[in-house]
Structure formats: C-alpha cells, structure tokens
Amino acid sequence: MSTSESSSEDHGGEVKRRDFLYIAAGGFGALTAGSMVWPLIDNLNPAANVLALASVEVDLSKIEVGQSILAKWRGKPVFIRRRTAEEIEQAQAVPLDDLKDPQTDEERTEEGHEEWLVMVGICTHLGCVPQGTKVGENRGDYGGWFCPCHGSHYDTSGRIRKGPAPRNLEIPAYAFLDDTTIRIG
Amino acid sequence: MKKTATILASLVIATGLAAPALAASDKADPISPPGGWSFQGILGAHYDREAAQRGFQVYKEVCASCHGLNQVAFRTLEDIGFTEEEVKAIAADYFVPGDPDEFGDPTERPAIPADIKPDPYPNEEAAAFANNGAIPPDLSLIVKARAGGADYLYSLLTGYRDPTEEELAHMAEQGLAMPDTAYFNPYKAGQVIAMAPPLMEGIVEYAEGQPEATVEQMAYDVTTFLAWTAEPKLEERKEIGFRFMVLLFILCGLLFFSYRRVAKRVMDH
Amino acid sequence: MHPSRSFEPKNGFVKWFDQQLPILTVLHGALVAYPTPKNLNYWWSFGSLAGFMLAVQIVTGIILAMHYTPHVDYAFNSVEHIMRNVNYGWLIRYVHQNGASFFFIVVYIHIFRGLYYGSYKAPRELLWMLGLVIYLLMMATAFMGYVLPWGQMSFWAATVITNLFSAVPLVGDAIVTFLWGGFSVDNPTLNRFFSLHYVLPFVIAAVAILHIWALHIPGSNNPLGIEVKGPQDQIDFHPYHTAKDLFMLSVLLIVFMGVVFYAPNYLSHADNYIPADPLVTPAHITPDWYFLPFYAILRAVPDILFIEAKLAGVIAMFAAILLLFALPWLDKSPVRSGTFRPLFKQFYWLLVIDVIVLGFAGARPAEGAWLIAGQVGTVYYFVHFLVILPLLSRIEKTRPLPESISQSVLSKQASA
C-alpha cells in the first residue's frame, strides 16, 4: 500500500493540484460553517420588539414644581424632577472641590431647561433604586436622593456626596421635543 | 441498488397519476392574478411596496372593522415603505390601554409604533354576536393558514357570484341549502361563506397616481399586504437563501472532487 | 500517510491529558482508525448524517427554547415572536421545523438500507434494536415538538394521539387523564410536553452513543454481507469516510436548506398557523408525513372477534413497530445481503411500495378506495415480516457469495 502511495507523491503537479483542492474545500467548508454559526449567536441580541422600545417619550406637563416622577426606560427606572429655584441654586452653588465625581449642575441639565433633572434611577454602587422621588421618602443629607442599600447620599443634582457609590447618578441621552415632552434614548 | 432509481421513478409516476383522483372536490381550485405575485420565485422575490401600501389602506378601510391583525406591530409597516412619520400617524389613530391613572382607573392612550393594532372586538363572544355567530378570523397569518395561500385569498375575494342551477342542485343533493345569512363562493370549502362580499367598486378611493380601485386591484393589493403580514421575512429569507445555496453548490462540488481524490489515493492499490 | 492504528500524540500536553483521560484515544478509534469494509456504498453515509441532524435539532432547539413560552396563552404568539422579532428567528425556527422531517428522511433511508443488506442479523441484533429504540424516542420527541406551537394541528394531534391510550381496557380513561394532567389537552399537557421534548433528544444522543459502540464491536456490515477476512478487505474511517460523509453532508444540506429557504411550509399543514381552538376541529387532520404509514395501520383495522376496532387499531400500530425488534429472529437466512437473495429482493421492494402506499392512505380520509388500500397494505406489512421472511429463509435458493470483499472489489474494477 505504502509503496505506490509514495510513488504518486513524487509527481509534484499532482500534489499541488490536490493541495489546492483540499484548501479550497476546507475554505468553503469553513465559510459555510461560519455563516451557519452567526444566526445562532445573533439571535441572542435584543429582538426587534425590544429595540422598538429603546426610546420612550415622556409627557412632563403634569409635573408640578418640586415634584418628581418615575418613568420606565429600557426596563430601568428614570427619575424626572422638576426642581424648585432653591434646589437649582443649591446645586449650582456647590464648589467642584467638594465633589467625589466633579461635575457642574450645568453639565447635568439641558441649557434653558435647568428646571428639569432627568437621571437613570440606579445607584452607581451596586444597582439599587435610591429613595427620594416619591413624597415622604428619605432624600438624604443633601436634599436629593438616598440609597437605602448601603447609605449613599445624592444632592439635588443627583451627584454623589456621601457613601460608597463611586459616581454621580447617570444622565441618559434625552432631548426636549417641545417644552413639555422629552424623548429618552 | 441500481434498480432503486427505476423503482422510485415509477412510484413517482404512479402517485402522479393517482393525484387528480385524490383531490377533494367540494371547492374550486384557486386562481392566480394575471401576472402572478411579486413575492413568488427564487430571484428578486419581493413585496410590491405600492401594492402592499394600497393593501393596507384596503385592510384599514374595509377589513379592519371585523378582522384583527394581532401579530403586526405598527413599527413593522416601515418594512413596506411607510415612513417613520407616517407610521406614527397611523398608530396614533388607535387607542390602546394605558397605565392606570392616579385613582387606579384604567386609561387609554394613543398607540405608538411599538404597539399592535387593538382587536376590533373585546372578545370572541362579542365577535360572534356581531357577525351572526361566525367569528371573523385574525388576518395576520391568514395567507399561511389557508391551503392555496395568496391565490386562495385572491380567488375568494374576487370569486363571489350567484350559484348556477347545477351548483344549487349539487348542494341540494348533499342536503344543503343556501342559508339566508351566508353567501355563495366556489373557492371556500363547502362553497358557503358567512362573510358578505367585502370588496366592491368605489368602496376605497386610492390616492392620485395609483391604479383604479377595481375589485381585482383591491384584492391583489390587500392579498399582497396580507402575504407580507403572514411572512414578513420572506425577502430576507429568499435573498440569504440564494447566497447560501450558491455557497453550498460550490462546496458540494469541491467536496465531491476531494472525496474522489482521497478515494483514488487510498483505494487504488 | 495512513493514520496509525493506535493514537500516539506527539504534543506533551496532549500526551499527559490523554494518559489520564483517554477521550482522544477513544475518538481516534471511532473517527480515524476505525476499520471499515472497503466496499461501503453511499447508503452507508446516512448513519453519520442522522448524527448530524440530531445535532442540528439539539442546537436549534436549545436556542428556540430561549425565546419560546410554554403556556397556552402565549405559546402561539411566542412562536410568531420568534418568526418576526428575534434576529434570524425565522431561520432557526424553519431549520428546526423542517429539520425534524429531514431527520426522519435520513433515518428512514438508514433503516431501509439495513433492511436490504440484512444489517440486523447476527452479530448485530443489539445494534439493530438500539437503532429501533432511537427511532421510538424520535417519534415521541417529534410528536411532542409538533404540539408546542399550539396551533390547530398541534392541539388536535395531541388530542387524537393521547386518546389512543383510551383504547386500553378498564384503565384507558385514567391513563389519558394522567397523560393530560387534566380533563382535556390544556396547559399542564403543554408544559409536560415541552419538558419532555427538551430532554428526550439528550436521551437519543445517549442511545446513539450506545448504538455506535455496539457498531464498533462487530464492525460495519457491507453491501456483500460477507465477513471481513483481513486488512486487505478494510480501510480506515479517515480520510476515506470522512471525505465521503462530508460530501454526502453537503448533498443533504443542499436539499434540506433548499426546502428551508424556498418551501419552508411545504411539509407542514396550513392549519397549524391557526391558534389552537379546543372547540373547533379542523376538517382534515393528518399527522406529519413521517407518521402516516402507522396512522394508516391504526385506522385500517376493523372489529376483530371480541376486540373493538379502536383497540385493535392501536394494538396493530404498536405491533407494527415492535415487530421490528423480532426481525433478526424472523429472517433466519444465513445470507445477509439482498443482492444475493433473488426472491427476498422482490419482496423487499414490495415492502417499500407497501409502506409508501400506507403513507398515502394515512393522508386521506379513511373511506372508499384508500381505506381498502390501507387495509391491504396493513395485511401485507404483517405478512411480509411474519410469513414471507421466515418462509424465504427456508426455501430461497441464494446466489453464490464472493470469496472476499477485496476480490469482489478487484473484479469490479477489472470489469469496469
């Protein structure tokens, strides 16, 4: 068996043609297998109905000054507070040196709409929902929000002031469609 | 095993001969529209966008009062060529249940593109009551849920007519009579249908520049639309399919020659 | 060039690993150095193809289960959610739906190959019976999978098939209530079917491993049906069969994916796109094509003596399958391959035609000519196995067998 085997190996052209054939078959085989694998992975990404709700529109017209509401966006709570003049002043007056995660209040609100504070309501520590949105809830030492899980205090601009949380409450991408409607996401 | 081919071939012929005798004959075979469907075939199969949009108009103005479309989110209408703004406007015409208000009472809000069109009836009982006991089926999947598919629906919509004497006699033979609350349609199984002829000349007015809204045109359009609602991924499927099949044919050829080469190498001595 | 008989890794890590857990040695023995008869034809590739189809069904099934909801209120809509919203959901679902059919096509060819070449005969009886166990498990799995989309056909298939058990005397109704977990096919039924549909394929995979194990003890049968005499009759599985099976796999994929992309609903029934309605039975209910011959047998049997037709039909249907377990002892002809059995060969093709006729009869309402065809077909099916095969093994004059496989291969090449 092996003698005639090695004699056919001696024909250089034969070997090259064969190698080319095998490489081509292997290449196309890999391409086919690869294209079959992709749908098996991509189906785990968010489906079209999930993506369709990736942005929501919120009507702000019913929120009184000093009131907050809780909106839901991508399955997460969003805090929307219509701040009082006092609260805005307080937030703007804080020197950056006092902050763990320095950010001015202007950076955290839309120009011309400073009254509105829109934040993802998830504590940057370990993902609890801080209190301070509903009436009567503990607003913490700085008049903003207080996370009951591990005692993080946020101010009236949603910045971390005391406690273990490393960063300020996250501001989602949002835009004012008109004076009383925003689109989040 | 060489005989296999001959035997299988004769079987195929035998079953082919037997087939006409098998066809259940209490309804007419559906017909295709002249020119066929844009979404047939292998290459370039697509839903005619203008027909599908006109079809949506027919659905909305004629069918929607009785038939739901409960698998189809408004947002997907963009797939047949409506713009985002148009879809928003279409959705906003409908009201869907909203969150409870501060008193805990149910509310309604205008639909958004992510919503599904609310059903015309709150429940099956209401649907049956409003339609002499016949529940109008949801149309989302109707083209796939009926043997004959798009041809069947087109035939049904254009096939209303009075029964001939012969047909009446045939029905009488089977102990059936035309009920007062139903209509004759040769394409429907049993040839009797509870739905009144839904399409008639002038029931829908198409926008300027569009073809005239004849019964055949409306049937063609609404069937195209409902073919899309039944199988929205058809274009993607056929296009990806074609590319994948080309790949497979090349691979198959390469593997055949590789196999022959291997066989020669290990067998021929 | 030829792989060595035993696995001898050069890499140090592989050597270390394999010494402690010789998985690679086992795989090498099964997929590389497994000695096969030199004369296997293309029909022998269908075992590998069946393994591939099982893998396809398991992989696509696991993914579908991530998006599917087994509840009567949501099942139908969740399948439509897969078809409309999930990325490539339509593709995965159509592959799984048609994959069941193609799994059966491949397995039926595999079974009929075994029937023609006498692969069930000693020393491979257990191999044959393990194959039948896989087949039975496949039927159960396919049936329960068909119920999951919760369309009209799903619901009524579940109702009709589970009602078969009501034919059991005395305890029939209790069994059916037990199967349903209620007084009709409902949410508890759907839930348990989903659970079993998920787990049974893994049982199939386990039995398939036993099936392959039992194959590797005596080695493969071959078209001549004679024993391997020595290494000159054999060839290693790799590269010859790996190349051949890969080619056959690509052929299978062309047909399979052709159906998936261009006629994905051809093999199924339009009524299953109507949500299940427990108050309305569709005009014609038929099982999927791969059950049709057995469905025809079920309906073919009339009252027999004191056994009423319903029970007799159920007995006949189960007997038709269980009969195959006794096949190695019904056909006692010492010659395996149909090639050398002129009479057997003719009856074999008659059986093939019979099963196809039964299939057509099963698809038609049980009345008129098709009922008679179903009854004649049923009688022939049992006569074939219970009368003809035992008789043939006594009276048939078989043709002379070749000396050896290698000789036969050589003479074929000479004549060609």
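Basis for what follows: all heavy atoms, side chains included, without hydrogens, waters or symmetry-related copies. Note on naming: letters A, B, ... go to the chains in the order of the sequence lines (proteins, then strands), and numbering restarts at 1 for each one.
- The neighbour count for A/Asp178 CG, taken as heavy atoms of other residues, nucleotides or ligands under 6.0 Å away, is above 12.
- Contacts with chain B (heavy atom to heavy atom, under 4.5 Å) involve these residues of residues 42-53 of chain A, listed by number: A/Ala48, A/Asn49, A/Ala52, A/Leu53.
- The two residues B/Leu255 and A/Ala25 have their closest heavy-atom pair at CD2-CB, 4.3 Å.
- Sorted by first and then second residue, the disulfide bond (SG atoms under 2.5 Å apart) pairs involving residues 137-185 of chain A (not counting sequence neighbours) are A/Cys128-A/Cys149.
- Once rounded to the nearest 0.5 Å, the distance linking CG of A/Leu31 with CZ of B/Phe244 reads 9.0 Å.
- Heavy atoms from other residues, nucleotides or ligands lying under 6.0 Å from CZ of B/Phe242 number 12 at most.
- Only the side chain of B/Leu248 comes within contact range of chain A, with heavy atoms under 4.5 Å apart.
- Within a 6.0 Å sphere centred on CD of B/Glu236, other residues, nucleotides and ligands contribute more than 12 heavy atoms.
- Considering CZ of A/Phe28 and CD1 of B/Ile250, their distance stands at 4.5 Å, rounded to 0.5 Å.
- Annotation for B/Phe257: atom CZ does not count as buried by contact number, only 12 or fewer foreign heavy atoms lying within 6.0 Å.
- Counting non-hydrogen atoms of other residues, nucleotides and ligands closer than 6.0 Å to CZ of B/Arg260 gives a total of 12 or fewer.
- Heavy atoms of other residues, nucleotides or ligands lying less than 6.0 angstrom from CD of A/Glu57 number more than 12.
- Residue with the most contacts toward chain A among B/Leu247, B/Ile112, B/Thr76, B/Ile240: B/Leu247 (heavy-atom pairs, distance under 4.5 Å).
- Summarising the local packing, CD of B/Glu61 is surrounded by more than 12 heavy atoms from other residues, nucleotides or ligands at distances under 6.0 Å.
- Crowding of B/Glu50 atom CD: a count of heavy atoms from other residues, nucleotides or ligands under 6.0 Å not exceeding 12.
- Closest approach of B/Leu251 and A/Gly29 over heavy atoms only: CD1-N, 3.3 Å.
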